[in-house]
Amino acid sequence: MPELPEVETTRRGIEPLIVGHRLVDVIVRDPRLRWPVPVARLRALRGTRFERVDRRAKYLLLRTDRGTIMMHLGMSGSLRVLAADTPAMVHDHLDLVLDDGRCLRLRDPRRFGSIHCLPRGRDEHPLLAGLGPEPLDPGFDGAYLHARARGRSRAVKDFIMDGRIVAGVGNIYAAEALFAAGIHPGRAAGRISRARCDALARAIREVLRRAIEKGGTTLRDFSNADGDPGYFRIRLSVYGRVGQPCRRCGAPLRALARGQRATVYCPRCQH
DNA sequence: CTTTACGCCTGACGGC
DNA sequence: TGCCGTCAGGCGTAAA
């Protein structure tokens with residue numbers, strides 16, 4: 001599932017393929033994403049030119065000279081740039097057709113993804129307004145985490161997955177970062193020392209940075225009709241490894257039921 | 001204010 | 001073999 005590193009890799013993959021090209025058509029095969037696809041507003045952008053692709057949290061922001069197309073890949077979304085006449089497969093819900101006979105094609109089997117259209121001059125959507133800092137930006141560090149965590153009793157795992165605290169940290173990387181920092185996922189966020197907040201912030205940045213780096217080297221290209229989108233995984237320490245031995249101490253990893261989501265951790269290494 | 005639960009949706013998987 | 005129940009998973013929203 002696309003987490004921040006996959007979204008960032010997608011951004012880097014599609015940006016050079018679409019920038020400078022004009023949007024000439026919009027083909028919507030199924031408008032039923034998380035919210036209905038704003039077909040008319042997308043069509044109104046025909047003729048506009050793509051200027052760059054940004055990312056905020058797990059949202060992709062396709063900047064054009066007349067506004068922004070904001071996309072979320074949900075849990076199963078992927079983007080590729082293909083010849084526009086490439087036969088659409090099932091779950092290929094939308095094409096943004098470019099001026100050179102190619103298209104940016106969105107595939108999303110579970111349809112948890114979304115598309116919004118932002119007019120020029122209002123390039124910040126309300127959904128982005130309350131987001132915390134990007135984990136890879138300088139504003140995110142142990143001091144920040146420590147300050148925000150004061151007085152909070154909620155589990156640190158939920159805390160770092162809250163987009164208002166830090167943007168775009170999903171289940172996989174939250175679990176991995178907590179393992180790397182030696183922090184128990186159920187620990188109250190407000191009961192983590194400043195030093196351990198430093199370690200946690202560092203761990204979050206590091207697992208994301210490594211995954212993005214890995215994406216850059218293992219990902220297939222974004223203009224290949226045959227290849228799968230190429231989502232990848234770094235070598236994971238805890239996620240999906242319940243019952244298997246901890247790579248550090250050998251103890252069997254356990255699952256913690258947090259809400260409905262399970263979190264895997266090492267009972268010996270994480271406190 | 002904070003925290004929790006739910007619903008959206010389909011593919012994968014286990015049990016029978 | 002096929003059918004069915006369960007679950008994962010981000011995240012906005014409603015509820016507590």
Side-chain angles (χ1 to χ4, degrees), chain A residues 1-11 28-38 55-61 70-79 88-94 106-116 118 124-135 145 147-178 185-192 204 207-208 211 228-229 231-234 236 238-243 253 255-265:
Chain A
M1 69 278 354
E3 290 226 25
L4 186 147
E6 290 86 347
V7 177
E8 175 60 23
T9 301
T10 298
R11 186 195 72 73
V28 179
R29 300 184 192 83
D30 191 341
R32 298 171 302 163
L33 297 186
R34 181 181 180 93
W35 295 287
V37 173
R55 177 187 58 75
R56 180 75 172 105
K58 295 176 191 166
Y59 289 94
L60 287 168
L61 300 162
M70 181 170 113
M71 310 181 89
H72 197 293
L73 299 178
M75 308 214 28
S76 58
S78 61
L79 286 169
M89 310 285 280
V90 66
H91 306 313
D92 286 345
H93 304 313
L94 174 121
L106 171 69
R107 173 174 220 180
D108 186 2
R110 296 190 191 176
R111 307 210 310 273
F112 276 23
S114 66
I115 297 181
H116 289 89
L118 318 179
E124 179 88 336
H125 192 274
L127 290 173
L128 307 182
L131 287 174
E134 285 291 321
L145 266 189
R148 292 299 301 269
R150 287 312 84 197
R152 302 290 192 98
S153 61
R154 70 194 299 205
V156 61
K157 162 106 181 326
D158 294 342
F159 179 72
I160 61 175
M161 286 181 66
D162 184 338
R164 295 167 298 184
I165 303 300
V166 55
V169 177
N171 198 34
I172 296 175
Y173 297 102
E176 293 297 310
L178 288 166
R187 171 172 285 270
R191 301 197 50 176
I192 298 174
I204 290 171
V207 294
L208 293 173
D228 69 55
Y231 289 130
F232 51 89
R233 267 188 194 179
I234 54 173
L236 299 171
V238 287
Y239 181 84
R241 297 192 64 238
V242 198
L253 299 178
L256 180 73
R258 278 299 318 162
Q260 309 305 325
R261 312 273 183 267
T263 302
V264 186
Y265 71 102

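Each chain gets a letter, A, B and so on, in the order the sequences are listed, and its residues count up from 1. The model shown is predicted, which means the values in this text are computed figures rather than measured ones.
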Fill in the blank from the handout: Distance col, row A:L61:CG vs A:M71:CE, nearest 0.5 angstrom, shows 11.0 Å
Practice task
Just compare C:dG10, B:dT4, C:dA8 and give me whichever is closest to any side-chain atom of A:M75.
Solution key: C:dG10
Exercise for the section: Classify the nucleic acid contact of A:R152 as base, sugar-phosphate or nothing, counting any heavy atom under 4.0 Å across all strands shown. Expected result: sugar-phosphate
Problem - Geometric class of the A:H116/A:H125 ring pair [parallel <30°, tilted 30-60°, perpendicular >60°] - result: tilted
Problem - A:S153 side chain near B:dT3 phosphate (N/O to OP1/OP2, under 4.0 Å) - result: yes
Practice task
Answer yes or no as to whether B:dC9 has its base stacked against A:F112, where stacking requires a ring-centre separation under 5.5 angstrom and planes under 30 degrees apart.
Solution key: no
Completion exercise
Whole-Å distance, A:L33 CG to C:dG10 P, equals 18 Å
Practice task
Send over the distance from A:R150 CZ to B:dT2 P, rounded to a whole Å.
Solution key: 15 Å
Handout entry: Sidechain-backbone polar pair: A:R187 side chain, A:A189 backbone, donor-acceptor under 3.5 Å
Key = no
Practice task
Find the distance A:R111:CZ to B:dC9:C1' and express it as a whole number of Å.
Solution key: 7 Å
Handout entry: Interatomic distance where CD1 belongs to A:I165 and P belongs to B:dC1 [whole Å]
Key = 13 Å
Handout entry: Sidechain N-carboxylate O distance under 4.0 Å for A:E124, A:R56
Key = no
Practice task
Drop me the distance from A:I192's CD1 to A:F159's CZ, to the nearest 0.5 angstrom.
Solution key: 8.0 Å
Problem - Heavy-atom protein contacts under 4.0 Å, nucleotides 11-16 of chain C, coded B base, S sugar-phosphate only, - none - result: BB----
Practice task
Quick one: pull up CG in A:D162 and CZ in A:R154 and give me the separation to the nearest 0.5 Å.
Solution key: 4.5 Å
Practice task
Take atom CZ of A:F159 and atom C1' of B:dT3, then tell me their distance rounded to the nearest Å.
Solution key: 13 Å
Problem - Whole angstrom value for the distance that separates C1' of B:dC9 from CG of A:L106 - result: 15 Å
Completion exercise
Between the CZ atom in A:R152 and the CD1 atom in A:I165, the distance rounded to the nearest 0.5 Å is 4.5 Å
Problem - Nucleotide B:dT4, atom C1' - distance to CG of A:D162 in whole Å - result: 12 Å
Problem - Rounded interatomic separation in angstrom, taking CZ from A:R110 and C1' from B:dC9 - result: 8 Å
